[in-house]
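To start, the structure itself, in structure tokens.
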Amino acid sequence: MKLDPKIPSGPLEKKWDSHRMNLKLVNPANKRKYKVIVVGSGLGGGAASASLAELGYNVKCFCFQDSPRRAHSIAAQGGINAAKNYQNDGDSIKRLFYDTIKGGDFRAREANVYRLAQVSINIIDQCAAQGVPFGREYGGLLANRSFGGSQVSRTFYSRGATGQQLLIGAYSALSRQIGLGKVQMFPRTEMLDLILVDGHAKGIVTRNLVTGKIETHMADAVILGTGGYGNVFYLSTYARGSNATAIWRAHKKGAGFANPCFTQIHPTCIPVSGDYQSKLTLMSESLRNDGRCWVPKAVGEKRAAHEIPETDRDYFLERMYPSYGNLAPRDIASRAAKRVCDEGRGVGPGGLGVYLDFAEAIQRLGEKTVRERYSNLFDMYHEITGENAYQQPMRIYPAIHYTMGGLWVDYNLMSNIPGLFVLGEANFSDHGANRLGASALMQGLADGYFVIPYTIGDYLANQKQKTPATDCPEAQAAEKAVREEIKQLLSINGTKTINEYHKELGKILWDHCGMARNKTGLTKAISLIQALREDFWKNVKVPGDSNNLNQSLEKAGRVADFLELGELLCRDALEREESCGCHLREEYQTEEGECQRNDEKFAHAAVWEYKGKNQIPVRHTEQLTYEEIHLTTRSYK
Amino acid sequence: MNFKLKVWRQADHTSSGSFETYEANNVNANQSFMEVLDVVNDDLTKAGKEPIAFDHDCREGICGTCSCVINGEPHGPEDKVTSCQVYMRSFQDGETITVEPFRAKPFPILKDLVTDRSAFDKIIQAGGFISVNTGQAPDANALPIGRETAELAFDAAHCIGCGACVAACKNSSAMLFVSAKVTHLGLLPQGQPERNRRSLKMVEVMDAQGFGGCTNTGACEAVCPKGIPLEFISRLNRDYITASLMERPESE
Ligand code: SF4
Ligand code: FES
């Protein structure tokens with residue numbers, strides 16, 4: 001596997017500018033001769049589809065949801081970072097760059113992150129021009145809030161629904177191009193395979209989720225913006241339909257999968273309430289601006305929260321990390337919560353929860369202000385738990401929320417398969433071993449609006465041959481394989497439901513590859529998953545048939561992929577013998593339970609090559625070289 | 001808690017449908033309505049029957065995918081929530097709960113509780129946007145917008161495109177949905193240049209998609225999970241009249 005990151009030469013601040021000058025251009029009249037397939041319609045895919053169509057390319061955009069407006073980017077709550085320095089508090093491109101690299105525990109590629117910080121500025125301008133109703137000050141200028149892992153205030157927001165508003169912005173730009181006939185939209189359509197012709201990505205096989213029809217679509221390049229794979233854990237804050245099928249099947253066709261074990265646990269989610277539970281709900285990190293995390297000092301405390309006096313409370317984040325306090329980064333805050341719960345000081349059912357308390361904020365700012373800032377989050381909390389967080393503290397617990405790992409891409413966001421580009425959460429490029437809050441929206445839009453429109457031209461300009469036909473042998477072979485797999489899934493007719501397998505897989509991963517990992521547990525998890533996968537293909541029950549709307553069949557294909565990806569996750573965690581960011585190996589930690597990185601051996605991205613069914617995959621590496629930054633031990637104390 | 005679920009089953013768009021009754025026993029009061037459907041579906045699967053098809057995705061009230069009529073009400077008995085945010089504590093133990101799809105001519109039923117709401121997308125494609133290409137934007141702070149205006153624009157932009165308003169309306173009117181978009185963009189300075197054109201185009205496509213007229217019953221507002229108020233329909237009407245007086249839709 002050849003992994004050339006194609007980082008442009010020259011000083012960090014100049015790389016993107018000079019690279020853009022050196023990229024080949026497709027002249028305007030020729031752009032309409034090229035077809036581009038975009039899978040996914042969220043911030044990455046939706047923004048890319050709209051921007052490429054505006055440039056003149058012919059775009060086909062696919063999403064499994066019934067409308068592009070429902071992509072899971074919609075659920076992001078808190079905000080989007082940008083180095084605007086509107087607050088005059090010392091922010092700059094360089095600071096956002098540094099915070100992101102440090103937040104990622106020095107496991108991201110410098111050049112990509114610097115570019116991300118640079119284009120963050122343009123994103124806010126673009127979104128405001130589209131009519132995104134960002135929060136404003138009374139003077140009419142844009143307002144900011146603070147987020148974890150940073151000491152400046154650079155997060156732009158639309159109340160607690162920033163993702164929704166940004167997605168609606170991208171969706172409206174996309175809708176405009178659909179209306180103009182430049183984008184052909186395929187909702188309720190799922191990508192089931194990638195088609196390679198002469199080693200280049202030239203098409204996809206899809207299934208129409210309403211009619212069951214299997215089709216092939218050919219193009220000059222394929223872009224995946226299909227999001228993260230956190231649903232491999234079953235319980236997560238992801239939408240129920242979020243899946244890894246597109247990236248996993250591309251991986252099986254040769255795309256390298258980078259750092260699969262970098263999965264993020266978000267500290268502030270509503271705790272699990274029973275085994276019927278189907279998903280976990282996030283309470284935005286922005287709440288930690290004003291909410292204080294605490295648990296009782298005593299193990300086995302029986303009193304209700306309001307009966308526990310200040311002296312008997314442990315504001316553990318403020319105690320452990322005095323300079324960042326409640327705004328410590330996500331990985332750190334999650335582990336701290338786990339630690340106090342492991343000590344037996346957790347609150348709520350099963351002791352798996354900590355308090356997030358607003359009493360002090362309400363006293364300081366008044367209930368009205370707190371309501372203005374967070375009312376939709378408090379309402380959501382109330383709907384789910386039936387509890388009123390203005391009167392009693394919220395109970396929260398960490399949950400799977402984001403995946404930093406994903407398909408490997410170079411500086412142009414192209415995978416090691418020529419012509420296959422990967423955007424947003426689906427790639428691995430910007431967040432290292434831990435993502436900072438309000439940076440996912442930034443990356444999705446940066447990739448879709450401001451990176452891919454430039455870099456794809458360079459690839460297409462070199463593609464002189466015609467788009468391959470839908471009946472070329474490569475396409476036919478891929479289509480046949482897809483049909484066969486569907487047939488096989490439907491014919492097993494065993495006794496266990498797909499959900500049962502998915503839940504079991506999730507439990508194995510949460511227990512052995514969740515917030516803390518170790519060699520014994522990971523080795524065990526690998527064999528448990530292998531056995532579960534074998535059983536799945538013998539004993540799963542997929543009702544219905546393939547030529548109509550069949551949600552069980554959709555789920556079966558996705559869970560089959562998770563059963564393979566789950567194993568890779570554990571392998572990656574096992575081989576990375578260090579702790580960094582969200583990846584805590586119990587063997588490599590300080591006495592206080594902080595990460596012990598091993599820069600000598602592991603300052604690289606691990607990139608996995610698929611070797612065939614039930615074969616051991618091969619681990620390659622991309623060495624991360626830091627020109628600008630000195631690797632230090634991350635401290636938020 | 002124990003419940004009976006009376007659920008609409010329909011094989012596809014062309015078949016006729018009917019109700020089937022299923023039991024859901026040992027339900028936890030904090031279980032969500034969709035989680036009860038999950039359990040019923042697992043039971044059906046095990047019994048060799050086809051599970052109930054229903055739309056859902058985020059399960060936290062923001063994506064607008066879920067779309068059930070529960071006991072006759074789009075999104076069920078609680079105020080300002082989506083179907084996925086309905087919890088079983090809202091029902092009486094032993095109750096029979098009726099579950100149907102959103103019913104409206106412009107939203108054909110695809111299977112069981114799943115409908116096709118792409119007519120909404122077509123309305124947005126006609127004009128629910130501000131025409132600005134990527135890279136054309138001026139500095140975001142170059143255009144100050146008063147806080148109250150921005151907040152009101154957010155209230156309108158918060159519509160999730162679920163279609164409950166249409167399902168609740170005896171005329172299957174989409175006026176609340178369209179008014180939310182027209183209000184959102186019409187309040188902002190960026191939205192002014194296309195303001196007339198927008199309302200004309202969106203209303204034109206809304207009519208063409210077969211949505212009915214508004215007779216001011218307020219049924220839409222009562223079921224809207226995001227609290228989009230009827231007052232926005234008045235704004236849409238005003239905009240539409242002004243636009244009709246000012247210019248005619250271009251023929252393309
Ligand atoms: S106006 Fe309300 S009910 Fe209608 S689509 Fe929007 S959110 Fe749904
Ligand atoms: S499933 Fe997303 S709003 Fe109900």
Side-chain angles (χ1 to χ4, degrees), chain A residues 50-51 54 65-67 69-70 72 74-75 86 122 124-126 128-131 133-142 158-159 161 164-165 168 172-173 175-176 178-179 187 210 239-241 273-274 276-279 281 380 383 386 449-450 453 495 497 499 541 543-544 548-549 551-552, chain B residues 12 28 30-31 34-35 38-39 42 45-46 48-51 53 55-65 81 85 89 110-111 114 116-118 120-121 124-126 128-134 136-141 143-147 150 153-154 157-158 161 184-185 188 190-191:
Chain A
S51 306
E54 285 161 11
Q65 297 90 342
D66 69 326
S67 160
R69 69 177 295 151
R70 311 216 195 275
H72 187 53
I74 205 160
Y86 281 162
N122 310 81
I124 301 305
D125 299 342
Q126 188 65 31
Q130 290 169 343
F134 285 120
R136 304 245 166 197
E137 306 293 351
Y138 282 106
L141 302 180
L142 291 162
S158 286
R159 243 175 267 172
Q164 182 203 20
Q165 294 309 316
I168 296 296
S172 64
S175 294
R176 178 170 154 243
I178 298 172
V210 179
R240 292 277 286 172
S273 67
Y276 50 79
Q277 191 121 6
S278 62
K279 83 156 262 162
T281 304
M380 195 190 261
E383 276 149 25
Y449 284 136
F450 294 109
T495 55
T497 67
N499 272 337
K541 188 169 186 77
N548 62 24
L549 199 158
Q551 293 174 326
S552 306
Chain B
D12 55 31
N28 186 307
N30 289 324
Q31 200 163 343
M34 308 245 122
E35 286 164 352
D38 290 341
V39 174
D42 262 16
T45 304
K46 290 200 157 167
K49 304 211 180 97
E50 250 206 82
D55 260 335
H56 62 94
D57 201 21
C58 73
R59 295 206 176 182
E60 52 184 77
I62 194 71
C63 73
T65 311
V81 297
Q85 296 169 295
R89 53 181 178 262
L110 297 174
K111 185 173 185 173
V114 178
D116 176 359
R117 287 165 289 173
S118 52
F120 267 12
D121 291 313
I124 299 292
Q125 286 155 21
F129 47 75
I130 288 170
S131 298
V132 51
N133 283 356
T134 301
Q136 293 179 330
D139 184 84
N141 259 350
L143 198 61
I145 299 172
R147 183 168 176 165
F154 175 92
H158 202 34
H184 159 213
L185 298 177
L188 301 171
Q190 306 90 301

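For the numbers below, each heavy atom of this structure counts, side chains included, while hydrogens, waters and symmetry mates do not.
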Note to self: So which residue, A/Gly241, A/Ser552, A/Ser158, ends up with the most heavy-atom pairs under 4.5 Å with chain B?
What the structure shows: A/Ser158
Next item on the list: Tell me, for A/Asn548 versus chain B, whether the close heavy atoms (under 4.5 Å) come from the side chain, the backbone, both or neither.
Entry: side chain
Next item on the list: Tell me, out of A/Gly179, A/Ser278, A/Ala128, who's got the most heavy-atom pairs with chain B below 4.5 Å.
Entry: A/Ser278
Notebook entry, point to check: About how many Å separate CG of B/Asp57 and CD1 of A/Ile74, when rounded to the nearest 0.5 Å?
Noted result: 10.0 Å
Next item on the list: Return yes if a side-chain donor-acceptor contact under 3.5 Å exists between B/Asn30 and A/Ser273, otherwise no.
Entry: no
Checklist line | Region of B/Thr45 in contact with chain A, defined by heavy-atom distances below 4.5 Å | finding: both
Check: Do B/Asn141 side-chain atoms and A/Leu142 backbone N/O form a donor-acceptor pair below 3.5 Å?
Finding: yes
Next item on the list: Go through B/Ala53, B/Ala150, B/Gly128, B/Cys63 and name the one with the most non-hydrogen pairs under 4.5 angstrom from chain A.
Entry: B/Cys63
Next item on the list: Please determine, among B/Ala157, B/Ala153, B/Ser118, B/Gly48, the option with the most heavy-atom pairs under 4.5 Å with chain A.
Entry: B/Ala157
Item checked: Gap between atom CG of B/Leu110 and atom CG of A/Asp66 - 0.5 Å precision -> 9.0 Å
Next item on the list: For the residue pair B/Arg117 and A/Ser67, confirm or rule out a side-chain donor-acceptor distance under 3.5 Å.
Entry: no
Check: What residue in A/Arg176, A/Glu54, A/Glu137 has the most heavy-atom pairs under 4.5 Å with chain B?
Finding: A/Arg176
Notebook entry, point to check: Does B/His184 reach the main-chain N or O of A/Pro133 with its side chain, forming a donor-acceptor pair under 3.5 Å?
Noted result: no
Notebook entry, point to check: Could you state the interatomic distance from CD1 (B/Ile124) to OG (A/Ser172), rounded to the nearest 0.5 Å?
Noted result: 8.0 Å
Checklist line | Residue, of A/Ile124, A/Asn499, A/Thr495, that accumulates the most heavy atom pairs under 4.5 Å with chain B | finding: A/Asn499
Next item on the list: Among the options A/His72, A/Arg69, A/Arg240, pick out the one with the most heavy-atom pairs lying under 4.5 Å from chain B.
Entry: A/Arg240
Next item on the list: Go through the atoms of A/Phe134 and report whether side chain, backbone, both or neither lie under 4.5 Å from a heavy atom of chain B.
Entry: backbone
Check: Side chain, backbone, both or neither: which part of B/Leu185 has an atom under 4.5 Å from a heavy atom of chain A?
Finding: side chain
Item checked: Proximity breakdown for A/Glu383 and chain B, heavy-atom pairs closer than 4.5 Å -> both
Check: Sub-3.5 Å donor-acceptor pair from the side chain of A/Lys279 to the main-chain atoms of B/Cys58, do we have one?
Finding: yes
Item checked: Top contributor to chain B interface from A/Gln277, A/Met380, A/Gln126 [non-hydrogen pairs under 4.5 Å] -> A/Gln126
Notebook entry, point to check: What is the distance from atom CD of A/Gln164 to atom NE2 of B/His158, rounded to the nearest 0.5 Å?
Noted result: 5.5 Å
Check: Of the backbone (N, CA, C, O) and the side chain (C-beta and beyond), which part of B/Gln190 lies under 4.5 Å from a heavy atom of chain A, both, or neither?
Finding: side chain
Notebook entry, point to check: Can you tell which of B/Leu188, B/Ile145, B/Asp116, B/Asp55 has the highest number of heavy-atom pairs within less than 4.5 Å of chain A?
Noted result: B/Ile145
Check: Contact part of B/Ala126 toward chain A, heavy-atom cut-off under 4.5 Å: side chain, backbone, both or neither?
Finding: neither
Note to self: Please determine whether side-chain contact (heavy atoms from CB on, under 4.5 Å) holds for the pair A/Leu549 and B/Val114, giving the CA-CA distance in whole Å, both sets of side-chain angles, and the decisive distance to 0.1 Å.
What the structure shows: CA-CA 9 Å; A/Leu549 199 158; B/Val114 178; 4.0 Å; yes
Notebook entry, point to check: chain A: which of B/Ser131, B/Gly61, B/Pro51, B/Gly146 shares the most heavy-atom pairs with it under 4.5 Å?
Noted result: B/Ser131
Next item on the list: Can you see which heavy atom on A/Ser51 is nearest to which on B/Thr134, and at what distance?
Entry: OG-OG1, 2.8 Å
Check: Taking side chain as C-beta onward, heavy atoms only, is B/Asp139 less than 4.5 Å from A/Tyr86?
Finding: yes
Notebook entry, point to check: If you round to the nearest 0.5 Å, how far is OG1 of A/Thr281 from CD1 of B/Ile62?
Noted result: 12.0 Å
Check: Would you find a donor on one side and an acceptor on the other, under 3.5 Å apart, between the side chain of A/Gln130 and the backbone of B/Val132?
Finding: no
Check: Can you check whether B/Gly64's main-chain N or O pairs, donor with acceptor, with A/Arg70's side chain at less than 3.5 Å?
Finding: yes
